[in-house]
Amino acid sequence: MTRERWILSAATLFALWLIGALVCLPALERDLQTAAQDILARQPVLQKRLGALHVEADGQVLRLNGSVRTPQDSRAIETTVNELVRAPTPLTGMLGRHLNPVSSVHNEIEIVPYPAGWLLLAAQGTQAKLLGSAATADEARDLARSVQESWSTQGGTAEGMPGADAENHDEAANVSATLRAVPGPHAAAQAYLARIGQHWNELPLSKADEELYEEAHTLGVSEVEWQSQVLPVLKDLRAALKVQQLKQSEEERLAKLPPGYLFIAVRDREIIIRGEVGSEAIKQELLEDALSTFSPRRVHDEIRVSEARRPEGDFGPITTALLPEGDKTKGKSYFLGLSGGAWKSVDWQITAKEQAWKDELPAGLKARAMQDDSAVLSTWLEGDNSHAPAPSQTLEPAFMALALFGDRAILSGQVAEEAVRSQLIAAARSAYGPRYLVMSDDVHVRGDCEPSRGILHTVKCLPPPPAANSAGLFAIAKPGGNWTLIPVTRELVEAGGLAKSGSLPAGIPATIIENVTAETIEQLRLRPAPPVSR
């Protein structure tokens with residue numbers, strides 16, 4: 001071969017190499033890089049896990065760098081590009097579209113796990129709510145179950161479950177630190193935050209939102225999660241804490257007030273209850289007990305209600321033990337009761353200043369006002385009638401009402417004794433069951449009712465059931481008396497219908513009967529129409 005041919009061959013070879021380096025190789029690298037990225041994006045196990053990965057082609061060599069979350073992700077990426085990439089080379093043309101042109105893979109991927117999620121435990125007393133963000137639904141479920149169990153073993157009840165956010169969190173390697181020290185219930189509203197796998201941190205509700213957000217952000221709470229989840233819960237806790245603080249302040253104020261006191265003086269068939277208590281409800285409860293227990297003696301109400309007294313009514317039980325014991329006490333008895341204590345016998349034959357109880361009073365309770373009350377009652381017990389007892393509470397009339405219609409027997413009314421109420425219900429069930437459902441919620445036992453006498457006659461003479469296609473039956477009776485039957489008409493069930501019927505037993509105001517039997521009358525008004533006979 002001549003010199004000229006050698007030079008021409010070398011020039012041709014260099015030109016071909018230059019064409020390959022400048023044209024074919026860049027196209028090959030682009031195709032190879034695109035094919036690698038496409039095949040990685042199609043792998044289900046790598047979905048949403050390639051955000052920080054970079055793929056570069058150097059000829060037929062692929063370089064993998066950047067970061068992924070787990071070693072498993074790194075291995076899966078390397079295996080995928082090493083085995084599944086398909087792209088033609090310049091030499092094979094379309095014939096190489098099913099071949100893998102990757103000659104080797106250089107794996108330089110860094111393993112950088114995402115941070116674990118977070119948990120928030122918002123507690124109001126024994127009730128707690130759990131929220132937060134975990135990596136997976138399984139992790140969220142397991143954490144919720146463990147936290148709720150730990151809270152319940154400490155006497156509370158917890159509910160709620162964290163959400164799952166695999167795009168921003170990885171599962172914590174170890175959660176024992178979080179589960180080992182789950183906080184317990186406290187009286188005040190509180191909030192606890194923890195990065196999953198770390199210890200709990202209390203979020204002081206007294207701090208400003210900006211400070212709390214900084215603390216929460218360092219524990220993994222994003223700004224979106226802070227606004228949508230954490231901040232609303234903190235507002236609710238602050239509102240609950242404010243209510244608790246006001247309640248505690250009020251309880252402390254009331255605890256400093258002196259307790260209420262009562263004297264019970266019995267002379268012959270009359271009883272005076274005199275003293276001071278902290279609320280109208282306490283007074284009414286005491287009077288009802290006294291009227292029921294001391295019936296048929298006459299009870300005189302001289303109980304004052306004062307906001308300067310502690311609103312507690314835990315006096316000792318009012319029983320017949322407070323009544324005189326035969327001739328030993330000349331038909332008289334005298335007792336003192338303090339809120340929170342038992343009844344103590346008082347010697348009414350000595351002056352109020354000499355009474356032993358004045359030296360045994362609890363802190364805050366002064367003897368002066370009590371001595372004035374004691375002096376009045378002692379004088380009355382000695383037989384001096386200069387003190388005219390306040391008029392006793394007017395007794396309400398006792399009565400019973402019965403409505404029969406459809407498949408219901410509705411009892412209502414008011415009596416003074418629980419035994420009378422029980423007898424009436426038992427007699428109705430015996431007389432009308434099982435055809436009728438006996439309803440008795442509106443039969444009330446009231447201490448300010450007249451005592452019942454001769455109830456046996458009334459419960460043994462219950463009216464017979466009405467005909468099946470009738471409008472029903474409505475009847476009223478006084479304890480010991482006969483039943484008065486009132487026809488059930490459209491007029492009866494309208495407002496004021498009972499008063500207009502003219503059939504009410506004497507001595508019972510129509511307004512009282514209408515108030516007590518209002519629900520029964522309403523049931524009659526709404527009753528289904530009777531079937532039409534053919």
Side-chain angles (χ1 to χ4, degrees), residues 257-280 282-306 308-395 447-448 451:
L257 296 177
Y261 68 92
L262 289 175
F263 290 101
I264 294 181
V266 183
R267 190 182 81 176
D268 299 326
R269 306 295 291 177
E270 293 189 294
I271 300 173
I272 297 178
I273 305 180
R274 186 181 179 95
E276 199 165 84
V277 295
S279 73
E280 187 66 32
I282 296 173
K283 173 180 176 177
Q284 292 303 319
E285 182 179 357
L286 288 166
L287 282 177
E288 288 186 10
D289 288 346
L291 288 166
S292 177
T293 301
F294 299 145
S295 176
R297 288 177 170 81
R298 186 177 183 184
V299 176
H300 299 280
D301 168 22
E302 296 187 359
I303 303 176
R304 303 182 299 276
V305 176
S306 172
R309 296 286 171 187
R310 194 181 308 160
E312 295 178 355
D314 50 344
F315 290 87
I318 296 179
T319 68
T320 54
L322 302 177
L323 297 176
E325 297 180 7
D327 296 334
K328 295 181 180 180
T329 56
K330 301 178 182 180
K332 301 175 183 179
S333 64
Y334 194 23
F335 285 88
L336 168 64
L338 300 178
S339 178
W343 295 97
K344 295 182 179 181
S345 179
V346 178
D347 187 353
W348 54 271
Q349 294 177 311
I350 63 176
T351 64
K353 293 183 178 181
E354 295 175 344
Q355 295 289 355
W357 51 259
K358 67 183 179 62
D359 299 323
E360 302 173 0
L361 299 179
L365 187 58
K366 297 180 180 179
R368 183 173 180 179
M370 297 177 61
Q371 287 175 340
D372 292 342
D373 288 331
S374 179
V376 170
L377 295 181
S378 295
T379 302
W380 180 74
L381 286 170
E382 290 173 355
D384 187 342
N385 290 322
S386 60
H387 172 69
S392 58
Q393 185 172 347
T394 303
L395 293 180
D448 58 352

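Position 1 is the first residue of the sequence; numbering continues from there. Note that the structure is predicted; figures quoted are calculated from it, not measured.
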Without placing hydrogens or testing angles, list every side-chain donor-acceptor pair under 3.5 Å for residues 269-277, not counting sequence neighbours.
residue	atom	partner	partner atom	Å
E270	OE2	H300	NE2	2.9
R274	NE	D373	OD1	2.7
R274	NH1	E302	OE1	2.6
R274	NH2	D373	OD1	3.4
E276	OE1	R309	NE	2.8
E276	OE1	R309	NH2	3.4
E276	OE2	R304	NE	3.2

*Does S292 use its side chain to pair, donor to acceptor, with the backbone of E288 at less than 3.5 Å?*
no
*Which heavy-atom pair separates L338 from P362 by the least distance, and what is that distance?*
CD1-CD, 3.8 Å
*Locate the shortest heavy-atom distance separating L377 from Y334; write the atom from each residue and the value.*
CB-OH, 3.6 Å
*Nearest heavy-atom pair of L365 and P259: which atoms, and what distance?*
CD1-O, 3.6 Å
*Do any N or O atoms from the side chain of S339 and from the backbone of E312 form a donor-acceptor pair under 3.5 angstrom?*
yes
*Could you give the distance from CD1 (I282) to CG (L287), rounded to the nearest 0.5 Å?*
12.0 Å
*Is the backbone N or O of S374 less than 3.5 Å from a side-chain atom of S378, with the two atoms forming a donor-acceptor pair by type?*
yes
*CA sep, side-chain torsions, deciding dist, call: W357, F263, ring-ring contact (aromatic ring centres under 6.0 Å, His included)*: CA-CA 12 Å; W357 51 259; F263 290 101; 5.7 Å; yes
*Taking all non-hydrogen atoms of both residues into account, name the closest pair between I318 and W343 and its distance.*
CG1-CZ2, 4.2 Å
*Check: R267 side chain, L381 main-chain N or O, donor-acceptor pair, under 3.5 Å*: no
*What's the spacing between I264 CD1 and S345 OG if we round to 0.5 Å?*
12.0 Å
*Inter-residue atom distance K283.NZ - L262.CG, 0.5 Å rounding*: 10.5 Å
*Between CG of L336 and OH of Y261, what distance do you get to the nearest 0.5 Å?*
9.5 Å
